[in-house]
Amino acid sequence: MAISFPGLVFWVLLCFFASGSLCIENFHQAFPIVEPDPGHTKLRLAREGLEIISRITTPIASVAVIGPYRSGKSFLLNQLLSLSCDEGFGVGHMRDTKTKGIWVWGSPVELDIDGTKTSVFYLDTEGFESIGKSNVYDDRIFALATVMSSVLIYNLPETIREADISRLSFAVELAEEFYGRVKGQDVAFEPAKLLWLIQRDFLQGKSVQEMVHEALRQVPNDNGDRNINQVNQIRDSLAIMGDNSTAFSLPQPHLMRTKLCDMKDDELDPSYVERREQLKDLVARVIRPKIVQGKFLNGKEFVAFLEQILEALNKGEIPSTGSLVEVFNKGILERCLKLYNERMAKLVFPLPEQSLQDAHERSRKEAMKSFDEQHFGRHHAKKSVLQLDENIQEVYKNVIMANEFQSSKLCEALYIGCEDKMDQLQVLRLPSMAKFNAGFLQCNQSFERECVGPSKANYEQRMMKMLGKSRSLFIKEYNHRLFNWLVVFSLVMVVVGRFIIKFILIEMGAWIMFIFLETYTRLFWTAESLYYNPVWHFIVATWETLVYSPILDVDRWAIPIGIMVAIFILYWRCYGRRNHGSRGILPLYNNPKGGSNRHRSD
């Protein structure tokens with residue numbers, strides 16, 4: 001049944017919006033996953049190919065083939081996948097490169113690797129040194145293939161050139177950065193196994209491994225040429241990576257290279273077919289699922305991993321391992337900083353400075369330990385460590401400011417409380433040095449106990465000045481107010497003894513006290529000498545005993561006691577003498593209205 005064009009558009013749109021992704025019916029073909037930007041200097045993702053990978057739910061591994069343009073990479077991949085040129089990756093015979101960016105074969109090969117069902121994707125990369133491209137673009141292609149692949153096949157025709165070794169600088173740096181961590185620990189991600197594939201018919205009596213070792217042998221550099229030194233360093237590093245690389249030779253399949261796509265296996269060189277099958281077995285033996293931080297990646301996780309890689313490699317003018325490490329450590333750095341924040345958020349401010357410093361060191365150590373267990377890279381990770389430490393210090397500065405604010409707030413409240421307390425003690429109704437000293441000591445002790453944090457030292461100085469000033473003022477006023485109180489008290493007792501109680505001895509004692517205070521002290525003692533006289537000290541001690549004690553504070557109960565005494569005197573004045581007569585222990589004033597009952601005698 002024929003479908004009209006509008007109907008076809010409708011079904012395509014329906015499929016897209018229903019699945020939230022592209023509807024791909026035929027997966028048995030190659031799809032681009034990374035494309036060059038218009039300037040052919042940086043890379044960008046191709047969503048069509050990423051959809052192919054995202055649908056995979058099992059662990060993923062990938063085989064990438066890199067090498068110079070027109071070196072037979074696409075044909076090699078078709079051979080490894082047992083595909084014809086018409087079915088598989090496009091094979092070009094012109095001088096321009098056929099593959100642009102990185103392509104993936106849509107149908108992965110299912111393998112059982114150490115008991116884990118793994119989907120193996122094969123990746124075709126754009127060849128090096130083609131016309132109209134920059135070296136930086138080639139570096140990005142090489143770096144991306146190096147990071148995302150599990151097996152990296154370095155396809156080289158005929159021999160290993162010095163330029164081919166130079167291109168491995170990123171792979172070497174990457175391996176040094178991520179490979180060879182302590183066994184048993186989770187690695188950030190394991191670099192690809194490097195497979196040197198030399199395609200030539202004769203090795204001049206040498207094995208391909210010997211040929212690689214010879215190519216990696218240092219070249220004498222008597223003149224100190226900088227480029228030779230750099231390549232020699234790469235050679236040394238590749239030699240150290242020996243357990244992560246292997247070499248394999250593959251003879252030419254046929255002399256007529258332009259007709260290879262039209263030939264079947266029985267038309268190809270038998271030695272080539274045999275070595276090709278051995279190469280398939282070798283790849284199957286060495287390949288492992290892609291691991292990131294100890295975890296196998298499924299399709300969606302692999303795509304997210306690829307996005308991170310591309311972000312890092314497009315950063316800056318040239319791709320670098322440092323930028324790659326920085327991007328991958330970004331999320332880890334944020335989690336470790338969050339851990340530090342959570343630990344510091346549990347603190348209750350204010351805290352003493354040393355306690356806060358100890359808490360900071362514990363939290364920082366925990367965050368750094370967490371970063372050390374999770375981070376990507378070794379050498380370039382130092383930059384991320386410094387960044388984490390810098391971020392922690394910024395947070396710690398804010399914590400210090402918060403602690404200072406809370407300390408100042410608390411100490412200010414305590415200071416104001418003590419200041420109000422001292423002001424209250426200055427205006428006691430009944431001045432008491434003992435009560436002032438008790439309040440002074442209580443205020444000082446509570447401040448020392450409760451005021452904590454960096455503001456304590458400053459407020460301690462203010463507190464000492466305020467307390468000293470209050471004490472001096474109280475002492476200065478204390479003697480004067482006590483003297484006036486005693487004068488008033490003597491006059492009150494004169495009135496009470498004369499008119500209320502009518503005890504002559506009380507009145508006489510009050511008059512003596514009044515005369516002593518107002519006359520004798522002024523005639524024979526100065527104001528200063530009075531307060532240092534033993535008699536005055538006795539008076540003060542007696543006053544303090546009567547006015548204040550820890551059990552009874554007369555100043556607080558002065559008004560109630562005064563009212564009770566007044567009521568008692570009034571009661572006794574009105575009813576006590578009537579019931580008990582006028583005789584008492586103390587001599588009273590005689591009542592002149594009573595007269596005498598004795599008769600006058602002559």
Between the side chains of N398 and E394, is a donor N or O closer than 3.5 angstrom to an acceptor N or O?
no

Would you mind reporting whether V147 and F305 have side-chain heavy atoms less than 4.5 Å apart?
yes

Examine distances only and state if a side-chain atom of S71 and a backbone atom of G67 form a donor-acceptor pair shorter than 3.5 Å.
no

Sole candidate of Q357, R364, H360 that passes side chain to side chain donor-acceptor pair (under 3.5 Å) when paired with Y396:
Q357

Dump the intermediate steps for side chain to side chain donor-acceptor pair (under 3.5 Å) on E110 and S119, then the final yes or no.
CA-CA 5 Å; E110 303 294 338; S119 299; 3.1 Å; yes

Could you walk me through whether D269 and S271 pass side chain to side chain donor-acceptor pair (under 3.5 Å), step by step?
CA-CA 5 Å; D269 189 327; S271 62; 2.8 Å; yes

For E301, is there an ion pair with K295 - N to carboxylate O distance below 4.0 angstrom?
yes

Quick check: does any side chain N or O of N341 sit under 3.5 Å from a backbone N or O of L337, one acting as donor and the other as acceptor?
yes

Side-chain heavy-atom pair L45, L50 within 4.5 angstrom cut-off:
yes

Is the side chain of K193 donor-acceptor paired with the backbone N or O of R288 at a distance under 3.5 Å, no angle test?
no

Working to the nearest 0.5 Å, report the span between CG of L347 and CG of L356.
6.5 Å

Looking at E35 and K100, is any side-chain nitrogen of the basic one under 4.0 Å from a carboxylate oxygen of the acidic one?
no

Between I141 and L43, is there a side-chain heavy-atom distance shorter than 4.5 Å?
yes

Under 3.5 Å: donor-acceptor pair, side chain of D124, backbone of W103
no

Parallel, tilted or perpendicular: which fits the ring planes of W196 and Y154, with parallel below 30° and perpendicular above 60°?
tilted

With a 4.5 Å heavy-atom cut-off, do V303 and S54 have their side chains touching?
yes

Please list every donor-acceptor pair under 3.5 Å in which a side-chain atom of residues 75-83 meets a protein atom from a residue at least two apart or in another chain.
from	atom 1	to	atom 2	distance (Å)
N78	OD1	F89	N	2.8
N78	ND2	S74	O	3.4
N78	ND2	F89	O	3.0
Q79	OE1	Y272	OH	3.1
Q79	OE1	R276	NH1	2.6
S82	OG	K280	NZ	2.8

Check whether the side chains of S84 and E87 place a donor and an acceptor atom closer than 3.5 Å, and report yes or no.
yes

